[in-house]
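Worksheet: one structure, shown below.
Any value given below was found using the heavy atoms of this structure, including those in side chains, with hydrogens, waters and symmetry copies removed. Note that this is a predicted model, so its numbers are computed, not measured.
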Amino acid sequence: MLQKDWRYLSDTFSYVESGLARTERVWLRVINRGREEGVFREDLDARIVYKSIRSAIFDVSYWDSRTRRIDLEKVADMLVALFTTGLKS
């Protein structure tokens with residue numbers, strides 16, 4: 001809903017934009033801290049990592065709302081594995 005109705009929501013509810021900015025700052029802080037501590041790769045841009053994860057989560061919730069055939073717990077496990085270990089077998 002947030003992606004599809006961004007203009008309406010941000011125009012109607014002023015707190016939506018500030019809430020998203022706050023959320024992004026938290027994610028970036030966590031990602032950058034992980035990079036500094038050697039948990040996450042340093043060669044990846046934190047903002048692109050955040051936006052990729054956010055988009056994956058938003059899109060999966062959209063798929064589920066349209067088909068109701070996706071087990072969200074299985075999808076969540078798969079996304080965690082994808083974003084923590086990548087595609088490499």
Side-chain angles (χ1 to χ4, degrees):
M1 183 170 98
L2 189 56
Q3 277 184 292
K4 303 295 180 201
D5 297 322
W6 168 251
R7 183 172 304 281
Y8 168 76
L9 292 171
S10 63
D11 288 345
T12 305
F13 306 103
S14 60
Y15 58 85
V16 170
E17 193 166 349
S18 64
L20 281 178
R22 203 169 48 247
T23 301
E24 182 173 348
R25 285 192 303 273
V26 169
W27 271 90
L28 292 176
R29 198 167 40 245
V30 169
I31 292 167
N32 284 320
R33 184 174 180 186
R35 291 170 66 197
E36 291 165 6
E37 294 178 0
V39 176
F40 301 141
R41 292 173 40 184
E42 289 186 29
D43 63 324
L44 299 177
D45 182 282
R47 184 163 268 117
I48 292 172
V49 170
Y50 159 69
K51 289 182 182 229
S52 297
I53 293 169
R54 183 194 69 187
S55 293
I57 293 168
F58 281 176
D59 284 347
V60 167
S61 66
Y62 176 71
W63 297 337
D64 184 58
S65 69
R66 294 186 66 203
T67 64
R68 295 287 179 209
R69 288 183 243 158
I70 297 174
D71 180 337
L72 290 181
E73 192 168 327
K74 286 181 183 177
V75 172
D77 291 342
M78 188 216 50
L79 287 176
V80 167
L82 176 63
F83 283 112
T84 57
T85 61
L87 291 173
K88 189 175 177 183
S89 63

Exercise. For Asp43, which residues count as a salt bridge (Lys or Arg N to Asp or Glu O under 4.0 Å) partner, sequence neighbours excluded?
Worked result: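 For Asp43, the residues satisfying salt bridge (Lys or Arg N to Asp or Glu O under 4.0 Å) (neighbours in sequence not counted) are Arg41.
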Exercise. Who passes salt bridge (Lys or Arg N to Asp or Glu O under 4.0 Å) against Arg22, sequence neighbours left out?
Worked result: none
Problem set entry | CD/Glu37: more than 12 non-hydrogen atoms of other groups inside 6.0 Å |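 Buried by this count: over 12 neighbours within 6.0 Å.
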Is there a path of hydrophobic side-chain contacts, each under 4.5 Å between heavy atoms, that joins [X] and [Y]?
X	Y	answer
Leu44	Leu28	yes
Phe83	Trp27	yes
Met78	Val49	yes

For this session: Using side-chain hydrogen bond (donor to acceptor under 3.5 Å, both in side chains) as the criterion, list what pairs up with Glu36, not counting sequence neighbours.
Result: none
Exercise. How would you list, by chain and number, every residue that makes a side-chain hydrogen bond (donor to acceptor under 3.5 Å, both in side chains) with Arg29, sequence neighbours excluded?
Worked result: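 By the side-chain hydrogen bond (donor to acceptor under 3.5 Å, both in side chains) rule, Arg29 matches no residue at all.
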Going from [atom1] on [X] to [atom2] on [Y], what distance comes out if it is rounded to the nearest 0.5 angstrom?
X	Y	atom1	atom2	value
Asn32	Tyr50	CG	OH	13.5 Å
Arg47	Glu24	CZ	CD	4.5 Å
Ile31	Asp45	CD1	CG	9.5 Å

Problem set entry | ring pair (Phe, Tyr, Trp, His ring centres under 6.0 Å) partners for Phe40, two or more places apart | none
Problem set entry | Nearest non-hydrogen partners of Ala56 and Leu79, listed with the distance |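 Taking Ala56 first and Leu79 second, the nearest heavy atoms are CB-CD2, 4.3 Å.
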Exercise. Can you name the residues that form a side chain to side chain contact (heavy atoms under 4.5 Å, CB included) with Glu42, not counting sequence neighbours?
Worked result: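 Scan of Glu42 (side chain to side chain contact (heavy atoms under 4.5 Å, CB included), adjacent residues dropped) gives Arg35.
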